[in-house]
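My questions all concern the structure below.
In what follows, chains are A, B, ... by sequence order, proteins preceding strands, each numbered from 1. These figures come from a predicted structure and were not determined experimentally.
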Amino acid sequence: MSHAEKSLSGHSELSVLINDCIAQSRNAQKKLYDLYSPAAYGIIKRYMYGNDTAAQEVLNDAFFKIFTKLDQYSFQGAFEGWIRRIVVNTLMDHLRRNIKNDQNFKEVQPEDAYVNSEGVEKMSYKELLVLVNSLPDLQRAVFNLFVFENYSHKEIATFLDINENNSRWHLNDARRRLKEKLIL
Amino acid sequence: MLNRTEMEDQNNNIDNLFKKGLGNYTETPPPQVWDALEKRLDGKQKKRGFFYPWFISLLLLSFLSLLGGTFWKLAMHEPAATKSATANEIAANTNTSSAPNTITDNKTADNTNNTADNTTDNINKPTEKTNKASKQTNSDKASNGQTDKANMAAKDGTTIKNDTKLPNEPSTKPENGEEQKTAAKEASKDGLSAKSVTAHAAAAKILPAGNVNTLNALPDVKALAKTKESNTVASAKQGTIADEKTAIETAAKREHVSLSKIDAGHELIAKNDKVIAKPVATEVKIENTIAPIVPAASMEAVSTFKESIAAGVDTANKQKDIDNNKPENSLPKEAISKIIADRLEAGVKGGYESGFGTNAAQKLVGSFYLQYKLSPKFALMAQPTAKIAHLTSQTINGKQTFYNEHNDSNSTVTPIAAVYITTQEGNQDTIGYNQKYTFSQTHDSIVKSYAYGGTTVELELPILLKYSISDKLSVYGGINIIYDRTYGIKEQTYTAKNIAVTADTTVQWAPLQPSPAAPSASSVLKYTGTTSSNYAGPLYPTQSNNLLRFGYMLGFSYEFRKRWLFDALMQQGSAKSNVQGAYDINKPLALPYFRVTLGYKLGKLFGHLK
């Protein structure tokens, strides 16, 4: 059970909250937002660490979609999964737009991108985020989708408007880059 | 140097490492995100309410045009209903100030209802009281006074007593006093005549143009009123008979009225042989005297009128009836039925409806309509309709891909070959060994995709105001209440069976190292999507929302071959958007639709009312 769902005493309480949100109760919406936005923002940050404005914009879009589409949630399957899907879809819309505008795969390597650490367990979230965000945009997106969202290369290809082999290449290249920085 | 398996392990390690480290990463967003979101949600709610003012104003517009139509009718001097002779006669009386002039053998008080210029006074010498009453009622405000009186007569249930008391107090012994059979008759010695005249006047005065049909229902009236032009002369005749008192009739006439037109009046008079009431055509021109219209009163007045005529023929019975009459009983039921039946029209329509664009459904339409005529030009129409709507499937975004692998893998191993492996690290070449493994296996690929569309039933109830431009052509518009449901999203499953997949992998190792174990087939054979056991139901929720919606309808109707109707109209209903897979599946509901129908008037459907 996720962190958010733990905060609600049971499934029925979640149902009540969702129904209140559908009924446009602002308090309920705020509660739902407070419960799920940290996880959503965490996902978004993995893709766009260091660009807070864009991350907040995506979060805003995602929750706007969540609140306007909440009446379509069928109460089948985990609510968090449903939210996650909307967040990732929103992110992808965003990335598609921005990656298209920036096809030159520029390398972003912040100063602290090199992590000299013995074990990943000892690394902070921030260090890991910095590492992931040291990847070029497209590689970061592919890596995130593959590793965290468990999408296949074919799905990633569809999502990002690239072909499947490109997706594979980006993933391997992302891994290689990360390895470099970890093993150094 | 790492071999390929080790590299893969390391790949997995890296993946797992990050997954573990960042998979549950959460971060509380700054508060301004919620503030911005809240504003955005507020904006959306406002937008949602957009339809309601629009709907209310449409409703208001319908009612205003209805009212406007009625007033327009009233304001017209010449009623639009001049096509019907009877209607014409009566309607014209609305503009008429009638001057009943009675000549009686028995010196009965002459009941002169009115003349604008007091013609009555010059012509007749009525009894004082009667005259007073007449004067009071008629002298200055001919039409208004009369109408008031008529209304009063009507409202008071048209009892003899009321009317009698006005022009002739019971204390005033009529000179023609003959034996009376009933107390009622006594009261009506003069009163009957007074009453009938009043009633006639009432009938003549207060019938609004729109009520012409009311008088159609009363054949007696036809003989009693004839008019042609706007300047009118009304002539009322009254007869009193030695043994029975009767009011004969009031004939309202126009300037050029011919006496022959009130023959029926003469006949009635002739029956009451002792009295000969001559219709006197007094030329009185009154302009713009439009009687206020009180439909209820007019109906009662009509009944009074009718009864009073009947009383002229058979006073004894009628007097009793009239005396006993309560206001609500005074209108004959048949008359009401006839009036309603005459104004009702019903029929059926069938046709086809569609809109523009691929999102438009195609609909077969069947309607029944019921129309009630408010005036010769305006009618209210209800048209309950059932439609069978079909929307061709519209694909929406989103699909789920699964595979179902068969356990029939084969593998082949190619001989070891030494190759140069070029890595991208520092552009260095590294030497190593390659061992190639090739695996093949069959599987089923299952793709679930989604589309909305299909066939539904729609019900609608438009309430329309119809305006006749000509005999055959009319236009209409109004509000539409629609009941239907969202087009469902269907999951479509495409299964490709027994697809053979071949994949190879190369295991690499550095010289002098032992060769690694062969990889497993499952690590090499990769399939699109996830295994079919992961299927957890459709991507989109089932759409089964029934919707009650409002809309508008505008159209025209053309009548041909007496009973046939051709209609063309457009209608559009509101529909809240319902975005699924980047498509608004309610769009087909919100589109404007265009309809053509062929209709047939059912004439006798309400025959039993007549």
Side-chain angles (χ1 to χ4, degrees), chain A residues 2-4 24 26 29-30 33-34 37-46 52 55-57 59-60 63-65 67-69 71-77 85 119-121 123-125 127-129 131-132 143 146-148 150 152-155 164 171-176 178-180 182, chain B residues 7 10-30 32-45 48 397-401 403 423-425 489 526-530 534 536-543 545 576-582 585:
Chain A
S2 72
H3 161 74
Q24 302 293 330
R26 190 49 42 85
Q29 287 175 337
K30 175 81 168 97
Y33 174 83
D34 286 345
S37 64
Y41 200 49
I43 296 170
I44 296 165
K45 273 303 196 63
R46 279 205 318 262
D52 284 357
Q56 288 167 19
E57 200 181 308
L59 185 69
N60 183 312
F63 268 88
F64 186 72
K65 273 189 203 165
F67 286 132
T68 48
K69 289 179 168 185
D71 53 345
Q72 297 164 22
Y73 174 62
S74 58
F75 291 94
Q76 290 168 354
R85 195 156 67 203
V120 176
E121 287 81 9
M123 290 173 74
S124 68
Y125 281 139
E127 284 169 322
L128 285 173
L129 280 175
L131 268 183
V132 172
F143 182 76
F146 189 88
V147 173
F148 297 104
N150 300 321
S152 70
H153 282 297
K154 193 170 182 184
E155 286 166 315
E164 232 176 299
L171 177 69
N172 285 327
D173 204 41
R175 282 171 176 159
R176 185 187 58 78
L178 291 170
K179 233 186 301 179
E180 265 178 13
L182 281 172
Chain B
M7 282 173 75
Q10 207 169 51
N11 282 349
N12 288 337
N13 281 342
I14 286 187
D15 290 0
N16 289 335
L17 189 150
F18 278 91
K19 210 168 182 173
K20 201 172 166 190
L22 278 180
N24 291 322
Y25 175 67
T26 59
E27 184 178 330
T28 305
Q32 66 260 29
V33 181
W34 170 253
D35 295 342
L37 182 64
E38 198 172 12
K39 273 181 199 161
R40 206 171 160 190
L41 289 167
D42 283 342
K44 183 201 146 236
Q45 275 176 342
R48 208 180 230 187
N397 281 350
K399 61 184 175 200
Q400 300 188 82
T401 309
Y403 61 87
T423 67
Q424 295 182 9
E425 288 175 51
I489 296 181
K526 295 290 179 194
Y527 296 102
T528 306
T530 53
N534 285 352
L539 209 53
Y540 299 100
T542 314
Q543 304 293 322
N545 303 337
K576 194 180 125 188
S577 71
N578 181 2
V579 179
Q580 301 281 358
I585 64 166

Side chain to side chain, A:F143 and A:L178, heavy atoms closer than 4.5 Å: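 Yes, at least one pair of side-chain atoms sits under 4.5 Å.
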
A:K30, part contacting chain B, at a heavy-atom distance under 4.5 Å: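 Both backbone and side chain of A:K30 come within 4.5 Å of chain B.
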
B:K39 bridged to B:D42 by N-O distance under 4.0 Å: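 Not counted as a salt bridge, because no side-chain N and carboxylate O are separated by less than 4.0 Å.
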
Among the listed options A:D34, A:L59, A:L129, the residue most often paired with chain B at heavy-atom distances under 4.5 Å: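 Among A:D34, A:L59, A:L129, the one with the most close pairs to chain B is A:L129.
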
Which portion of A:I44 sits near chain B, non-hydrogen atoms under 4.5 angstrom: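 For A:I44, no heavy atom lies under 4.5 Å from chain B.
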
B:I489, part contacting chain A, at a heavy-atom distance under 4.5 Å: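 No part of it gets close to chain A.
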
Chain A contact via B:E38 - side chain, backbone, both or neither, heavy atoms under 4.5 Å: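 Contact with chain A involves both backbone and side-chain atoms of B:E38.
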
Approximate separation, where rounding is to 0.5 Å, of A:F146 CZ and A:R175 CZ: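 The CZ atom of A:R175 is 5.5 Å from CZ of A:F146, to the nearest 0.5 Å.
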
Mutual orientation of the aromatic rings belonging to A:Y33 and B:W34 [parallel < 30°, tilted 30-60°, perpendicular > 60°]: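 Correct class here is tilted.
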
Toward chain B, the part of A:D52 with a non-hydrogen atom under 4.5 Å: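 No part of it gets close to chain B.
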
A:L131 side chain near B:F18 side chain, heavy-atom distance below 4.5 Å: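 In short, these two side chains touch, coming nearer than 4.5 Å.
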
Greatest number of heavy atom pairs closer than 4.5 Å to chain B - which of A:K69, A:Q56, A:Q72: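 Sorted descending by pairs with chain B, the first entry is A:Q72.
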
